[in-house]
Amino acid sequence: MRIAKYGDKYKKAWDALVRESKNGTFLFLRDYIEYHSDRFVDHSLLIFDENDLIAVLPASIHDNTIV
């Protein structure tokens, strides 16, 4: 497994995973997150099994703490 910090190159894969998931909502889509990016420092993560994206973690960082 591999963990990567979110970057623009992952937008399409991120949104596809959220749309295909059972519990994904518009709140987790990148356009929504990026619309509010002036309110927080994005530190979202992606989790891969080999080259397959298997999970995303929307997150921000505050005072060296991931939220």
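Side-chain atoms are counted along with the backbone in the values below, which use heavy atoms only and exclude waters and symmetry mates.
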Student: Are Met1 and Phe48 packed together at the side-chain level, in the sense that at least one heavy-atom pair is separated by less than 4.5 angstrom?
Tutor: no
Student: Taking Asp42 for the side chain and Ser37 for the main chain, is one N or O donor matched with an acceptor at less than 3.5 Å?
Tutor: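 A pair under 3.5 Å: no.
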Student: Counting heavy atoms not belonging to Asp49, are there more than 12 under 6.0 Å from its CG?
Tutor: yes
Student: Does any non-hydrogen side-chain atom of Ser60 lie less than 4.5 Å from one of Val67?
Tutor: yes
Student: Any side-chain heavy atom of Val18 within less than 4.5 Å of one from Tyr32?
Tutor: no
Student: Answer with yes or no whether the hydrophobic clustering places Ile54 together with Leu57; edges join I, L, V, M, F, W, Y residues whose side-chain heavy atoms lie under 4.5 Å apart.
Tutor: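 Looking at the clustering, Leu57 is in the same group as Ile54.
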Student: Answer yes or no: is there a donor N or O on one side and an acceptor on the other, between the side chain of Trp14 and the main chain of Phe28, under 3.5 Å?
Tutor: yes
Student: Distance check, rounded to the nearest 0.5 Å: Lys11 atom NZ versus Asp31 atom CG?
Tutor: 3.5 Å
Student: Can any side-chain N or O of Ser44 pair as donor or acceptor with the backbone N or O of Ala59 at less than 3.5 Å?
Tutor: yes
Student: Can a cation-pi geometry be assigned to Arg30 and Tyr6, taking NZ or CZ under 6.0 Å from the six-membered ring centre and within 45° of the ring axis?
Tutor: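 Positive - Arg30 is close enough to the ring of Tyr6 and near enough to its axis.
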Student: More than 12 non-hydrogen atoms from neighbouring residues, nucleotides or ligands closer than 6.0 Å to CG on Asp38, yes or no?
Tutor: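 Yes, the 6.0 Å shell around CG holds more than 12 heavy atoms from other groups.
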Student: Nearest 0.5 Å, please: how far is CG in Leu45 from CD1 in Ile3?
Tutor: 6.5 Å
Student: A side-chain contact here means heavy atoms from C-beta on lying under 4.5 Å apart; do Ile47 and Arg2 qualify?
Tutor: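 No, too far: nothing below the 4.5 Å cut-off.
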Student: So if you build clusters from Ile, Leu, Val, Met, Phe, Trp, Tyr with side-chain heavy-atom gaps below 4.5 Å, do Tyr10 and Val41 land together?
Tutor: no
Student: Where is the tightest heavy-atom contact between Pro58 and Ile33, given as atom of each residue plus distance?
Tutor: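 Shortest heavy-atom contact: CB-CD1, 4.2 Å.
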